[in-house]
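A short worksheet on the structure shown next.
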Amino acid sequence: MKITAADVIVTSPSRNFVTLKITTDEGLTGLGDATLNGRELAVASYLTEHVTQLLIGRDPHRIEDTWQFLYRSAYWRRGPVTMAAIAAVDMALWDIKGKAAGMPVYQLLGGASRTALRTYGHASGRDIPELFDSIRQHLEEGYKSIRVQSSVPGIKALYGVAAQAQATGERYDFEPAGRGAQPTEEDWDTRAYLRHVPTVFEAVRNEFGPELPLLHDGHHRMTPIQAAKLGKSLEPYDLFWLEDVTPAENQEAFRLIRQHTTTPLAVGEVFNTVFDFQTLIREQLIDYVRAASTHFGGISPLKKVMDYAAQYQIRSGFHGPTDVSPVGLAAQSHVGLAIHNFGIQEYMEHSKKTNTVFEQSMTFVDGYLHPGDSPGLGVELNEEAAASFPYQQAYLPYNRLTDGTVHDW
Ligand code: EZ4
Ligand code: CO
């Protein structure tokens, strides 16, 4: 079998997605997700200008060889743009291999280690009553674990609070930045946040009891000692995990955090390779790997980092926001179903429009996700629908402190 075409499709149903479609001389096609939120066209251009022509004529079965070729022959390694581009190729080749074998990809990765993937959903509110309503709504829809984000008095706009979603009839804000030529500016105050978050979890525990697994995302905004303080102050509320407490370029920061708190820690949604996890895993500084197949070079490296993590009882918690396309979500769901050290899968439903562009065998039943048993990844692109939603420029928001200093968002 030989690759005869590799096309990049950019579509924007409720947000932008970049998809690679690889076609073979035997008529099999494969899809890969190359979406890098807010920098989409950089990856599209990396693929169309530098990668697609290298794929023509190659044997699509040689997944590992193609991955190593793209990683090593570029000389310039790593980084989100490069690794999202390589991820798309890797996923598309696994998709083709599954279709050629007549099997879902999880079968090629060793077969299912569980019946389905436990998920968590995103509850949020501008105040406690709104947050409680959101948690109840998620529970009614079957979610068994809940991420809790709420507004903080004194901070006007806040990450993770779906303030506009209600107005549009969807659950989530699919494009938190809004579309446009400039990023939205938000405000941030770490002291106000650190004071407020424990009171929110106390209220949630009082209302929903001790059993419900609760998660929280700090979104990279604290210093190591502030993160340690937050972890400690949340211990009475028994979190499933606390995520992205610091901007984790500095892996050593987790040594300090770990000394101070037994709250389980999750990190890695912006990581691109196993090297970003090297110290964190080897020194057992985290509990969950937050990598996403799309930003981590695809299915092949995700399986490898999880096998490394397994030696240290560290489990998966793959990143599943709506900016990971249905193709990327399917790819990591096949990995999650196959590995022994699966933890939980983040699951934000995609919008109705997105689901018209990406036809999926994935099911979500009673809080559990399953990638389905269609051969390959189980996602097909409706190209006509994709073409009806042209790219729109979009930026993620950014933060400024009260004195005007730019802060991590
Ligand atoms: O802000 O994927 O845990 N989820 C997150 C996400 C990220 C977005 C950025 O594109 O932190 O919502
Ligand atoms: Co996050």
Side-chain angles (χ1 to χ4, degrees), residues 12 14-18 33-43 80-81 83-84 87 119-124 138 143 145-150 157-165 170-179 183-184 186 188 193 197 214-222 227 230 239-249 264-272 276 286-296 316-329 332 343-351 354 392-399 407-409:
S12 192
S14 299
R15 64 174 321 123
N16 294 315
F17 293 111
V18 178
D33 180 22
T35 307
L36 187 61
N37 199 10
R39 296 293 186 271
E40 298 88 353
L41 298 186
V43 190
V81 175
M83 298 315 289
T119 62
Y120 71 90
H122 287 202
S124 69
H138 280 82
Y143 283 101
S145 308
I146 308 282
R147 190 183 87 159
V148 170
Q149 307 290 136
S150 95
L158 193 49
Y159 165 77
V161 179
Q164 302 133 37
E170 300 270 13
R171 186 203 298 282
Y172 301 116
D173 294 335
F174 296 104
E175 204 63 276
R179 291 157 162 178
T184 312
E186 297 187 349
W188 180 248
Y193 168 78
V197 176
L214 299 175
L215 301 86
H216 182 70
D217 190 346
H219 225 253
H220 328 271
R221 292 166 188 203
M222 285 161 273
L230 179 64
L239 265 60
F240 184 94
W241 82 36
L242 178 60
E243 168 184 345
D244 283 348
V245 281
T246 58
E249 290 97 328
L265 301 172
V267 77
E269 66 184 47
V270 303
F271 290 0
N272 311 131
D276 299 326
I286 57 168
D287 301 281
Y288 295 93
V289 166
R290 286 285 287 148
S293 55
T294 308
H295 307 119
F296 202 72
S316 67
F318 300 145
H319 191 210
T322 57
D323 44 293
V324 169
S325 90
V327 179
L329 182 67
Q332 62 197 28
I344 201 165
Q345 174 62 53
E346 179 178 29
Y347 181 53
M348 287 177 89
E349 294 143 56
H350 283 103
S351 76
T354 297
Q392 297 192 33
Q393 190 165 40
Y395 284 98
L396 283 163
Y398 76 107
N399 270 330
H407 192 72
D408 305 285
W409 183 79

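Just so you know, ligand 1 is whichever comes first in the structure, and atom 1 is the first atom listed for that ligand.
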For the pair [X] and [Y], name the ring-plane relationship: parallel under 30°, tilted 30 to 60°, perpendicular over 60°.
| X | Y | value |
| --- | --- | --- |
| Phe17 | His350 | perpendicular |
| Tyr159 | His219 | parallel |
| His407 | Trp188 | parallel |

For ligand 1, does Arg147 get within less than 4.0 Å through its side chain, its backbone, both, or neither, judged by non-hydrogen atoms?
->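 The answer is the side chain.
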For [X], take its heavy atoms, then give the atoms of ligand 1 lying under 4.0 Å from any of them.
| X | value |
| --- | --- |
| Asp217 | 3 (O), 4 (N), 5 (C), 11 (O) |
| Arg290 | 3 (O), 4 (N) |
| His219 | 1 (O), 5 (C), 7 (C), 11 (O) |
| Pro321 | 2 (O) |

Might you point out which heavy atoms bring Ile344 and Phe240 nearest each other, and give the distance in Å?
->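 Smallest heavy-atom distance, with atoms named: CG2-CE2, 3.8 Å.
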Could you grab the protein N, O or S atoms closer than 2.8 Å to the Co ion (ligand 2) for me?
->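 The answer is Asp217 OD2, Glu243 OE2, Glu269 OE1.
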Assess Met348 for proximity to ligand 1: is some non-hydrogen atom of it under 4.0 Å away?
->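 Judged by the 4.0 Å heavy-atom criterion, Met348 does not count as contacting ligand 1.
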Check Trp241, Tyr288, Tyr347 against Tyr120 for a ring pair (Phe, Tyr, Trp, His ring centres under 6.0 Å) and give me the one that passes.
->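 When Trp241, Tyr288, Tyr347 are each tested with Tyr120, the ring pair (Phe, Tyr, Trp, His ring centres under 6.0 Å) holds only for Trp241.
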Would you mind telling me which of Arg179, Glu40, Gln393 makes a side chain to side chain donor-acceptor pair (under 3.5 Å) with Ser12?
->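 Answer after filtering Arg179, Glu40, Gln393: Arg179.
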